[in-house]
Amino acid sequence: MKLNLNLTDVEELTEQFRDIEEKLINRAVRQGLLEIIKPVKKQMKQNAPIDTGELKKALNHKSFAKDQFAVVYSGISQKKHQPSVVQKALAMEYGNNRQKAKKPFIQPAVDQSNFSNAKQEVIELIEKRLDELLND
């Protein structure tokens with residue numbers, strides 16, 4: 001059996017492998033970051049006021065990774081929730097022109113979190129997740 005490949009085919013295949021590799025790495029990075037932020041989100045929920053429970057339900061987390069850049073955040077998304085929920089969260093956290101901050105729940109959760117080993121933890125989680133993805 002004889003297989004003929006021209007240089008263009010090999011270059012295309014190499015590029016496809018690079019894309020797959022980048023997607024796997026980005027996915028592993030996002031998942032590693034999410035593991036780090038989960039305890040912070042849990043603490044935010046514990047700190048959130050319970051009057052209607054809407055702030056607690058609105059708390060979410062998200063990660064993004066692309067081109068050697070990654071971000072993870074937890075809080076209340078302005079895009080996903082009604083303005084009244086976002087305004088209520090802001091008033092609780094920072095106050096407004098009518099009242100001082102009533103019950104901050106986001107910043108205290110961040111302050112209580114120990115991120116001193118976060119870099120090493122993220123690296124370990126990413127390595128673990130990459131191993132899992134490659135062995136699927």
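Just so you know, these numbers come straight off a predicted model, no measurement behind them.
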Take a 6.0 Å sphere around [atom1] of [X] and say whether it holds more than 12 heavy atoms from other residues, nucleotides or ligands.
{"X": "Glu124", "atom1": "CD", "answer": "yes"}
{"X": "Lys66", "atom1": "NZ", "answer": "no"}
{"X": "Lys41", "atom1": "NZ", "answer": "yes"}
{"X": "Gln82", "atom1": "CD", "answer": "no"}

Rounded at 0.5 Å granularity, tell me how far [atom1] in [X] sits from [atom2] in [Y].
{"X": "Glu22", "Y": "Ile25", "atom1": "CD", "atom2": "CD1", "result": "8.0 Å"}
{"X": "Ser74", "Y": "Lys38", "atom1": "OG", "atom2": "NZ", "result": "11.5 Å"}
{"X": "Leu34", "Y": "His61", "atom1": "CG", "atom2": "NE2", "result": "4.5 Å"}
{"X": "Lys45", "Y": "Ile50", "atom1": "NZ", "atom2": "CD1", "result": "12.5 Å"}
{"X": "Phe69", "Y": "Phe64", "atom1": "CZ", "atom2": "CZ", "result": "7.5 Å"}

Test item: [X] and [Y] side chains (from C-beta on) under 4.5 Å apart, heavy atoms:
{"X": "Val71", "Y": "Ser63", "result": "no"}
{"X": "Ser113", "Y": "Gln43", "result": "no"}
{"X": "Leu59", "Y": "Phe105", "result": "yes"}
{"X": "Gln112", "Y": "Asn47", "result": "yes"}
{"X": "Met92", "Y": "Pro104", "result": "no"}

Exercise. Given the rule in the side-chain contact (heavy atoms from CB on, under 4.5 Å) test, do Val72 and Arg30 qualify, once you have shown the distances and angles that lead to the verdict?
Worked result: CA-CA 8 Å; Val72 65; Arg30 282 192 326 268; over 6 Å; no
Problem set entry | Cluster check Val110, Ile36: I/L/V/M/F/W/Y, side chain < 4.5 angstrom | yes
Exercise. Just by distance, with hydrogens left out, do Gln31 and Glu35 show a side-chain donor and acceptor under 3.5 Å apart?
Worked result: no
Problem set entry | Check: Lys80 side chain, Asn60 main-chain N or O, donor-acceptor pair, under 3.5 Å | no
Exercise. Can any side-chain N or O of His81 pair as donor or acceptor with the backbone N or O of Val86 at less than 3.5 Å?
Worked result: no
Exercise. Applying side chain to side chain donor-acceptor pair (under 3.5 Å), which residue pairs with at least one partner in residues 91-101 are found, sequence neighbours left out?
Worked result: none
Problem set entry | Sequence-distant partners of Lys88, side chain to side chain donor-acceptor pair (under 3.5 Å), two or more places apart | Asp51, Glu54
